[in-house]
Amino acid sequence: MAKVTIDGKTIEVADGTTILQAARMIGPDVAPPTMCYHSKLKTSGGYCRTCLVEVTKGSEKDPRPMPKLVASCRTNVMDGMEVGNLTSPKVIEARKGVVEFLLLNHPLDCPICDQAGECHLQDLGYEHGSAKTRTDFERRTFEKISLGDKIQLHMTRCILCYRCVKVADQITDNRVHGVLNRGDHSEISTYIENVIDNDFSGNVIDVCPVGALTDKTFRFKSRVWFTKPVCAHRNCDKCSGKVHLWYKGEEVLRVTGRKDQWGEVEEFICNTCRFDKKKTSDWEIDGPAPVNRHSVISANHYQTLKMGSEFKLNDVKPLSITEGEGS
Amino acid sequence: MLKIEPMENEVKFNSESLAVIEKIVARYPDGKHKSALIPVLHLAQAEFEGWLSPAAMDEVARVLNLKPIEVYEVASFYTMFNLNPVGKCLIEVCRTSSCWLRGANEIVEHIEKKLNIKDGETTADGMFSLKTVECLGSCGTAPMMMIGAQFHENLTYEKVDTILDSCKTENKRKTYFDNVNIEHY
Amino acid sequence: MGKKLLLAYDHVPGIKGFEVYRANGGYKSVEKAVKTMSPDAVVEEVKKSGLRGRGGAGFPTGMKWSFLAKPEGVARYLVCNADESEPGTFKDRYLMSRIPHILVEGMITSGFALGATAGYIYIRGEYFYIVSILEKAIEEAYANGFLGKNILGSGFNYDLYVHVGAGAYICGEETALLESLEGKRGNPRIKPPFPAIAGLYGCPTVVNNVETIAAVVPIINDGGEAYAAVGIGKSAGTKLISASGHINKPGVYEIEMGITVEDFIYSDEYCGGIKNGKKLKAVVAGGSSVPILPADKILTTPSGEKRLMSYESLADGGFASGTMLGSGGFIVMDETASVVENLHTFARFYHHESCGQCSPCREGTGWMEKILHKILDGHGTMEDIELLWEIQSKIEGNTICPLGDAAAWPVASAIRHFRSEFEEYVKNSNNLKKVRHYDSVNQLVSA
């Protein structure tokens, strides 16, 4: 076991735990923001640099501070380690820089982006960024490519987190897309016109932290904050069948995997569940999905504590913003 | 040992290249044949007209038993691989610091004028392509350009003219394998 | 004349071939090591020698070797970093193309010390013509029993291969090199684990620069102490310096560390002074990544002493007034050179070579290039200079690999020491000489 102190709060965790995991265990107040790390994807993390933290004391044995800020998602805790996240001015400065880099070539087309409202980059910019732009150069663009009739790729919005590549590598055996080219010309692509088509391809949408990969069947149908996420399940022979259904009125507008409080998918789902089961009758409803109280969705959320069979969609009434605590 | 399965594809390595590939694959431990990818892409580029078409890359994927996307990812990362057709003589002029200090920009402009093309373009007759590149390790003999595997150093306008004129007369495709004994690749 | 350890036989005709190399004492270190020494004893000699990595970082080689994990039944690898791509550096090219056997010999002796099963020489693709030279040398070494099974009857088995890259500066970073050697994109790995624990194919691996490996030969031949006696203090031995730019005699020089910078620039034995009788303006002393210094600061240390060609003396004064020995790529600029324009070629270089994995480097390098281009074009503002400073400070230290630092330092040092020159470009934007500044072009346009 290792005792680690992050922003003054101490927790004891198993050896081999990363600083990020330990911080998440302490709670959202000390957890560094992440863009490329995903708890269900092996080798994810380390690229975006948003979760950089300052290690002010290496360990009990070797108390020297680490010379550079480290990526908390890829650095293991040591016994006696002391870490500064939001209490470290260095971290706050560096993170502001990272946000600026990530937004440098990002199109900021949030008004027409389906991800708006559940976009990690929006949250990151809001919480850790600076309010002004210091670039007047033209933003980078890419040639549009099609990935088939289910998945929409907007490469200009991509922040190269590699999560969609890792999910394709780790849960399918025939990855057809990847990161091509180099440097700031890098892009997610299939290179030759190719459809991403396998039973689990839709998961690239769920792991994308921004609006680079979105659900074509949901495209422009509704702002996410006008929809109501509901936990549901079905017997599926390909996946766990545990999903979130996103309702508008009585219509299921989209199906996604269930996400945890960090916005990361709990279990990956198959394309049948995602794209072909869009009727309430396809599903057993478990109850309203927990929504983080900071989420824009909660502003228009609903209150119902009736679970399972007692749960009726029509009982769901929007709350006022002040009441909208969600769960 | 890696077994090469036959497959229908218009672009196919000749038997000489296949033998070289076998030799290359043998340099790496069993099951690590992906290591051969870059050396084999070089072979493909030399054999298939100086560039890597999707078909050529698919052929590389086939012989090395890799997913095509793995080949595209790698080929597009490294600047020596041309993903578009190039002229018979690809002129790569270094333009970084030491070469710049010794007149690389002027050399580029001279070539542009002489061939009537811009950086990144190919002449209408398909003879020459011009590409400015980053440091090739010829700083002490700057300015320089590379055509095929050949370094041309301490360039002057006259020297450039002579070299390009002789390339034109020779009318042969230059590759990185020029003067490289394939036995020693 | 300073002592020559690597280039001692450079002038001998035919030294490229096995016979002549052998006749001049070649492969003695292999004989000595495999017949009379234990692997640990070889490591010990290298530790004693004080040899430091010649690729740029200057990390003690013996210590790096002693970190190598040695689990039972797991292969170990020695990889030679011949991806020399640091602008201003061409010493490895010189050494490999002229005396290929010293590298082969060093790879065998070092491989023995580490108990490696195989060695790979990862050479940058642009040095294609050297591939043949090395392959031929390796073939000769095999034919003479210095490679393969049971080397010189010692029971030591070792194979050596050449692996060619394809154009990527980043592959000079050791973990990117290993990725590339595994047939992947040259994306640096996130450390830990370090290669000494999990390197090539996940096996314990040592990656050393060409010159480092070659230096093992004289160290084993003459003993670590003899090597440590050459040079000065912790800068033991000789160093190959690639000299280029506005000097009378550009080229590769083997220097005994500790000679003065002034001597190196002005004496006829080395650079032979500034070309056309011009005045010295600035020097980039250790390859493009290291801080540029103005003439007065490169020639003298902060305490007013003559600066020496050594790790310590070049670094004297920290980044405020010092620089680094780096890879020994010594670029000299005379009074006519524009520091800002030169910096633009560096910024373009790092933008072009960034692998794109982590955001500060991917986005920041391109941003810096664009701002410099804007300043050179006469559209720059004073705020742009501040912004450049800001950007480099946000890249430095925050990236996965040292390429971020390498891109930041030249910008920081140019502004630190030559701010007025940047301001000149901003103030006199109408009088600028119309020069074309090439932007990064990544792909050839279709024929």
Side-chain angles (χ1 to χ4, degrees), chain B residues 27-29 32-39 41-42 64 66 70 73-74 77-87 90 95-98 100-102 105 108-109 119-122 126 129 131-142 146 149-151 176-177 179-181 183-185, chain C residues 75 84-90 92-93 124-129 131-132 135-136 139 161 163-169 180-186 201 242-246 250-252 284 288 329 331 333 337 341-342 345-346 348-349 352-353 355 435-436 438 441-447:
Chain B
R27 291 173 191 163
Y28 311 99
K32 304 295 181 193
H33 51 266
K34 189 172 177 180
S35 277
L37 181 51
I38 291 172
L41 281 168
H42 275 303
L64 290 177
L66 300 170
E70 293 179 87
E73 282 176 327
V74 169
F77 185 89
Y78 297 93
T79 46
M80 287 173 79
F81 296 132
N82 305 314
L83 301 185
N84 287 302
V86 295
L90 173 58
R95 57 181 187 173
T96 321
S97 184
S98 306
W100 166 77
L101 283 169
R102 288 192 168 238
N105 278 10
V108 173
E109 264 149 37
D119 180 17
E121 291 179 349
T122 301
S129 292
K131 184 182 177 188
T132 52
V133 298
E134 300 301 342
C135 188
L136 295 186
S138 195
C139 325
T141 40
M146 178 173 170
Q150 178 88 43
F151 278 32
Y176 296 128
F177 287 82
N179 309 321
V180 171
N181 183 349
E183 290 294 306
H184 291 137
Y185 174 58
Chain C
E84 177 174 70
S85 315
E86 174 91 4
T89 315
F90 47 99
D92 295 341
R93 174 185 162 212
R124 69 179 295 190
E126 293 89 342
Y127 289 174
F128 227 99
Y129 76 98
V131 172
S132 277
E135 288 281 8
K136 187 158 178 291
E139 194 178 85
Y161 308 100
H163 182 101
V164 64
Y169 166 72
S180 184
L181 182 48
E182 290 182 7
K184 301 175 195 158
R185 297 161 61 82
Y201 311 125
S242 319
S244 67
H246 295 143
V252 173
V284 176
S288 58
I331 308 169
M333 283 168 235
E341 252 186 275
N342 181 65
T345 75
F346 285 160
R348 182 181 59 201
F349 173 82
H352 187 261
E353 301 301 333
C355 79
V435 185
R436 187 170 147 204
Y438 293 86
V441 178
N442 279 269
Q443 288 283 307
L444 274 173
V445 184
S446 190

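Quick note on labels: first sequence line is chain A, next is B, and so on, each numbered from 1.
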Please look at [X] and chain B and tell me whether the side chain, the backbone, both or neither of the residue comes under 4.5 angstrom of a heavy atom of that chain.
X	result
C:Thr89	backbone
C:Leu181	both
C:Arg93	side chain
C:Ser242	neither

Most chain B-contacting option - heavy-atom pairs closer than 4.5 Å, from C:Lys136, C:Glu84, C:Glu86: C:Lys136
Greatest number of heavy atom pairs closer than 4.5 Å to chain B - which of C:His163, C:His246, C:Met333, C:Arg185: C:Arg185
Residue pair [X] / [Y]: nearest heavy atoms and the distance that separates them:
X	Y	answer
B:Gly137	C:Tyr127	CA-OH, 3.5 Å
C:Ser244	B:Cys139	CB-O, 3.3 Å
B:Leu37	C:Gly183	CD2-O, 3.4 Å
C:Ala166	B:Tyr78	O-CB, 3.2 Å
B:Ile38	C:Val164	CG2-O, 3.3 Å

May I ask you to decide if [Y]'s main-chain N or O and [X]'s side chain share a donor-acceptor pair within less than 3.5 Å?
X	Y	value
B:His42	C:Gly165	yes
B:Arg102	C:Gly245	yes
B:Tyr28	C:Glu182	no

Flag the pair [X] / [Y] as yes when at least one side-chain heavy-atom distance between them is below 4.5 Å, and no otherwise.
X	Y	answer
B:Glu134	C:Ser85	no
C:Cys355	B:Phe77	yes
C:Tyr201	B:Ser35	yes
B:Val133	C:His352	no
B:Glu70	C:Lys184	no
B:His184	C:Val131	no

Close aromatic pair by centroid cut-off 6.0 Å: B:Tyr176 and C:Tyr129: no
B:Phe151 portion near chain C, given a 4.5 angstrom heavy-atom threshold: side chain
Separation between CD of C:Glu135 and CG of B:Asn181, rounded to the nearest 0.5 Å: 10.0 Å
Gap separating the OG1 atom of B:Thr141 from the CZ atom of C:Phe90, nearest 0.5 angstrom: 7.0 Å
Residue pair C:Asn342 / B:Ser97, side-chain donor-acceptor N/O under 3.5 Å: yes
Partner chain C: residue of B:Leu66, B:Leu41, B:Leu101 with the largest heavy-atom pair count (under 4.5 Å): B:Leu101
